[in-house]
Every structure is written in structure tokens, then in C-alpha cells.
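Below: the structure, in C-alpha cells.
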Amino acid sequence: MEDEFAIQSFKPALSTNLTLQKKLLPIFKYREQLLYAIETFQVTLIHGHTGCGKTTQLPQYLYETGWTKDGKIIGCTQPRRLVARSVAARVSEELTTEVGKTCGYKIQFEHNISDETRIEYMTDGTLLKEILTDPLLERYSVIIIDEVHERTINIDLLLGILKRILIKRRDLRVILASASANIQKLNDFFYEKDKIETKSISIEGKLFPVDVMYLENPTENYVNTAIETVLNINSSYPSGDILVFLTDRREIEECVKRIESSAVTTPDDLPMLVPLPLHSGLTLDEQLRVFEIYENRFRKVIFSTNIAEASVTIDGIVYVVDCGFCKQRIFNPYSRVSKLIRIPISKSNAVQRMGRAGRTNSGKCFRLFPKTIYDSLKDESDAEISHSDLLPAVFFLKAIGLRNIYQFPFYIPPPTVHIIAALEDLYFLGAIDDYSNLTDPTGLQMVELPLDARLSKALLSSASYDCTYAMLNIVSVMMAGDVFYRPSSNQYEATACHATFTTEEGDILTGLNVFESFLNRRTDMKWCKANFLNYNTLSHASEIRKHILPYLQRFHISPEKRIRDIDPSKMIECLLQGFFRNVAHLQDDGSYRTILGSPVLVDHKSTLINKGIPWIMFTSMVEYEGRAFINGVSKIESKWLEKFYHRKNKK
DNA sequence: GAGCACTGC
């Protein structure tokens, strides 16, 4: 189970007999075999498709057979928060209890568990954090890592850590659940003669057959080919919705426009195509439009990014059109800049995309490339750990006491330069010392805070700038996301409303201004709507704020009260303690260059665009099609930089 | 002048 909108899609089924329904799931036939394997082997690897029941049923089987009798817990991790929450709700319904009793969930800044909870769903990041206080995971009798094939950094770290723990805790059981057929490698990683015994089990899914079709020759332009394919499906194939995988927002918007304009020439006897965009840049309401049901004379065609590959599941898709590419963020450890590039998908991506057509009925998948290209694709995508900023991962490994990062049993060892870059950054943030040990108290406190390391650093520095109250609000709203909401239909009015919150110091204090107005208004939803502010982001920010406050009290830097007359620029100077690398200087021609000399463009949504501020700090930078865009821009004074960038001849 | 895959503690 990995459905983002799981609660909605489960609703109709609940009216039928729940016990019978559980027995109809493919996993039910494997119940005894699975329980025997888990009893006998320390590690069980399960290969099973989405919908086979592994996520909801397995913890219940273990609970029924006494794996929690001694007071221990069955833990099950998920890559996504929404799934952890909705699966806990589903399982609680099957157990006819409330969420938080026998079965509960815990995700960052939110949990619903109690002393009687025996099945805990959580995100993989939550389990990692728990290892800092419970290094052998002694609260648990069984750990299930779900969606192992997604190979996020968190999953890779958990695999290595669990391998270490298994040798010390012979009673612990680990179950790895994957939708990828290739679980042999995982098996080889865990198996150690006379130490760790492993067992693999494959569950036959209940997927419907999907016919795959290829192009005879490669296409020069897959956007054109996608449009042609959609029109062709509409005129030649029976009813059923279409899902088209593209790589980014621009391609999606182009396709939506072209299908809209094709409507004029659509013959009357053909269904009317309803083009719908789906990507993370849309608001929740805009995203939910893809779930609307249309009459028979219409046919939905959803143009989507990778978001529909695993995060969002739409029922009723009969045709999938796959362009064969996706976007990937590649971190450059030398410049510390991430680049967003288009790369060919892997075979396992292609299979996952194809499967989106076979969920409720048989379907068809049109791959916009020849079969020979498919055969040449990699089996699996590169693991995230091989091309990402490893600062959080290395910080975590330092926190669990690794002197040498390479002592860690990596499933795949990350490149050395990435590790060195992360160590260097941690050193300059003051989180580790000359011997590469966590500093006390800064490093220890930073790793404990549930924040980005740079934000942790700024928050912990705030006492010396007398701005802890403001910095608490700033980091809370920065963690929560974009506070401004710009509906495509009403952009002009939205921008005008947003302008009333603008401060001359830039984007960060503008965000603070919005958040503090929100708190003063006692989190008024109507007020948010009227001002085009994102209510969900702002209430999430106040949840985050509530959760960080106790840490500050424990560290004895709690904000006593708001200091009214504090100079706003103090806050930016404090933030610079974490973001001192992210500085740019105005050039004579009005453009900006970073302190390393590379040109950057201020995002057009920034409040400081075209303001001609000599020195600026930014909180994020992404390179796209050869240009680097910066976000979260604030005005700074060059003299604030002196302590970070000493002149060479300075005595 | 426009301009950014997806997650998460």
C-alpha cells in the first residue's frame, strides 16, 4: 500500500465484510509461510506489488501471533507522512479500535500513540531519529521497512544501521518489503554466514495485465509525440482515462494548452478530452481536480510529473503514456550547488509507470521510445545517496558515534568527495571539531533539533543576537514551506495582497511578518483565504514552533518574551551564521555573482528582485538549464561577512 | 524576459 489518497480510496470497501476482505488480499495465502520465515530467520525479504496487502496485513499477523506479548512493538516505516497516517487509520479500523490505541502513527511534528500501542507506523526519518536515543531499538521486536526499492538516503542509512543492530540483538526481526523484483542484492547485503540468516518470499500480486507498445523509431520531440499519442488513443481506443508522464511543469503546461486548443477540431462522435495538470507546484485544491469524475462523453487526460509514479495514485487510469525521462537533482560537492537535469528513467521506473494503468482493470502503456532503448535502460535508478548533499547523513553518522564514516556498512558507499564536502560544511558550522567529533554543546544540540542543520545553527546562535523569539518563528515558517498562495486564476489580486506583507529586508522577514500576523490573528482561516495565504503551511508552521520550543527550554536559550525594538537586520545577521556560504554581490550590470564568482539569478517571485541591493544572502540555489536561481533572498551588510571570510594578509 | 523532479527529521 503506498496510496497517497488512501483514505478516500478505501472508503467504499468498508461497507462490505471486513474479515472476508482481508482474506481476499493476495498476502493472505502466504500468512503461515511468512510467519514461519520471520520466526526462523532474522531477516525476511518480501517482494510484493502495490495492493498485495503487505503494508496493512503483515503487522496485524505479527500482532495476532504474539510478537508484542512481552510489551515490545512492531514498527513499520514508510517514505511518506501521509501514508504512515492513513495506513494507521485503516489498520485501526480493521482492528475496530481508535487510532492511537493498539495501532498508531508518528511522523515529524505529529504523533498519535499511547502506552498500549503495539503497531506503530512511522516515516523512515522518524525511526532514524529514534536511534539517537534507543541505539539498539530495544522497544521493538520487529521492524518492517516498506518500499525499500525507493532507495532514499534514509532507507540506505536504515539498512546499514539495522545490519549492525541485528548482530547485537539476536531476538530482533527485520522485514524488508520491496516492489522491485531484484531483491537478491538486498539478500546478499544482509546475509552473513553463522551470523545473519535471511529468507526471500515473493507474493504474487493481483495486477491486471497491461499491454506495452513502443515507438518504431526514436522521437525527436516527445512532447509532440505525447500529444499525437493522446489524440490517437481518443480516436481509436475504447473509453478510459489517460495518464501521461512528462518531466516538468513547462512541458505539462504546454500539453494542457495544446489539448485545450485541439478541442475545437474534435469530431462530435469522439469523447471530449479534459486536460489536467499534476505536479507539486499546484495547490492541494488544484491537485485534487485529477480525482473528479466526469460523464462518459468526457475523457480525462492527466499530464503529470513523477508525482504520479509513487506519491499520488489515481484510479480509473486505462492508458499510460511514458516519455521515458525524469528530472533528477544532482549535487555538486565542489560548488555545493544542485543541478536539476533530465535523465532517462530506469526499467523499474518504466514498470512502475506502466503499473499505473493496471490497478483496477487491464490497460495499455505507450512508451514513447523504441524497445531497443528500453532494453538499454538501467535496471534500477541510482540511489539518492550517490548524488545528493550528504550533510544530514554524515551528521547523523557522526551523532551515532562513527569516527570514520567508512566504518559504516553502506549498502552502496557514497563518493568520497561528497563525504568530505559534508564534513567540511559541518566543521565550518561548528558542529564538529578538529578531530571530527561532535562539538559540545553546539553539535549535540544541532543534531537533536528536528531542523535543517543551517537553521539549527542560526537558532542556537540567536541568543547572542537577542533574537531567539524571532528566530524561532523564522525557522518554523521556513521549515513549513511557501506561505504565499497564488491561484493561477487570480494572480494579480494575490500579488497585490502579498505586497502588503513585504519588508525591505527581503523574503525571510516577509515570511516572518506573515507568520506573526497569522499567530496574532489566532490562526484565522478566513483571513488567510482573503489574503491569498497558505493556511495549511501556516498552521503547520505553528505546530513546528510548538515542537521546537521545548528543545530551546532544555538548552536554556528559551525566548522569554518578544523584544519589541529589536533591529530586524540582527535577525538576518544571525541567520547568516548558518548560511554564510550563500552570499551574492551586485555587479555593475545589475546581475549577481556568488562569492565564488558564479552568476546567479534572483527568482522572479522574490521581494528583492530588481532592487539593486549590493550584498544579499539566499537560502536555496538550484541550477536549471545552465542558469542558477536563488530563493529566500535577504539584504545583508558586507561587514557581517568579515568573521567568515578573513583577508589573507590580515594579522 | 522567463525561469525549479520528488520526498523528509
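Reckoned from all heavy atoms, side chains included, excluding hydrogens, waters and symmetry mates. Within every chain, numbering begins at 1; the chains are lettered A, B, ... in the order of the sequence lines, protein sequences first and strands thereafter.
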Phosphate-side-chain proximity, [X] and [N], N/O vs OP1/OP2 below 4.0 Å:
{"X": "A:S311", "N": "B:dC6", "result": "no"}
{"X": "A:Y624", "N": "B:dA5", "result": "yes"}
{"X": "A:T305", "N": "B:dC6", "result": "yes"}
{"X": "A:R329", "N": "B:dT7", "result": "no"}

So what does [X] touch, heavy atoms closer than 4.0 Å: a base, only the sugar-phosphate, or nothing?
{"X": "A:Q328", "result": "nothing"}
{"X": "A:L451", "result": "base"}
{"X": "A:T123", "result": "sugar-phosphate"}
{"X": "A:L340", "result": "base"}
{"X": "A:R342", "result": "nothing"}
{"X": "A:D124", "result": "nothing"}

Which of parallel (below 30°), tilted (30 to 60°) and perpendicular (above 60°) describes A:Y551 and A:F555?
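If you compare the ring of A:Y551 with that of A:F555, the planes turn out tilted.
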Angle between ring planes, A:F532 versus A:H498, binned at 30° and 60°: parallel, tilted or perpendicular?
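The arrangement is perpendicular - the two ring planes meet at more than 60°.
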State whether [X] and [Y] are salt-bridged, where the test is any N-O pair (Lys NZ or Arg NE/NH1/NH2 against Asp/Glu carboxylate O) under 4.0 Å.
{"X": "A:R336", "Y": "A:D425", "answer": "yes"}
{"X": "A:R80", "Y": "A:E147", "answer": "no"}
{"X": "A:R249", "Y": "A:E253", "answer": "no"}

Report the distance from atom [atom1] of [X] to atom [atom2] of [N], rounded to the nearest whole Å.
{"X": "A:E130", "N": "B:dC9", "atom1": "CD", "atom2": "P", "result": "12 Å"}
{"X": "A:N349", "N": "B:dA5", "atom1": "CG", "atom2": "P", "result": "16 Å"}
{"X": "A:K605", "N": "B:dA2", "atom1": "NZ", "atom2": "C1'", "result": "11 Å"}
{"X": "A:K398", "N": "B:dC9", "atom1": "NZ", "atom2": "C1'", "result": "20 Å"}
{"X": "A:M478", "N": "B:dG8", "atom1": "CE", "atom2": "P", "result": "19 Å"}
{"X": "A:E623", "N": "B:dC4", "atom1": "CD", "atom2": "C1'", "result": "12 Å"}
{"X": "A:R85", "N": "B:dG8", "atom1": "CZ", "atom2": "P", "result": "10 Å"}
{"X": "A:E309", "N": "B:dT7", "atom1": "CD", "atom2": "P", "result": "12 Å"}

What nucleotide among [options] has an atom nearest to a side-chain atom of [X]?
{"X": "A:V622", "options": "B:dG8, B:dC4, B:dA5", "value": "B:dC4"}
{"X": "A:F629", "options": "B:dC9, B:dC4, B:dC6", "value": "B:dC4"}
{"X": "A:R627", "options": "B:dT7, B:dA2, B:dA5", "value": "B:dA2"}
{"X": "A:R80", "options": "B:dT7, B:dC9, B:dA5", "value": "B:dT7"}
{"X": "A:K327", "options": "B:dC9, B:dT7, B:dA5", "value": "B:dA5"}

Using heavy atoms to find the nearest nucleotide of DNA chain B for A:T247 and A:R81 separately, return the residue whose nucleotide is more 5′.
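Counting from the 5' end, the first nearest nucleotide belongs to A:T247.
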Let me spell it out: for each of A:E253 and A:G281, pick the nucleotide of DNA chain B with the closest heavy atom. Which residue's pick is nearer the 5' end?
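Whichever sits nearer the 5' end wins; that is A:E253.
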Tell me if the side-chain of A:N154 makes a donor-acceptor pair with the base of B:dC9, cut-off 3.5 Å, by modelled atom types.
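For A:N154, whose side chain was compared with the base of B:dC9, there is no donor-acceptor pair (under 3.5 Å).
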Verify the distance criterion only: is there a donor paired with an acceptor across the side chains of A:N154 and A:T152 at less than 3.5 Å?
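Note: A:N154 and A:T152 side chains miss the donor-acceptor criterion.
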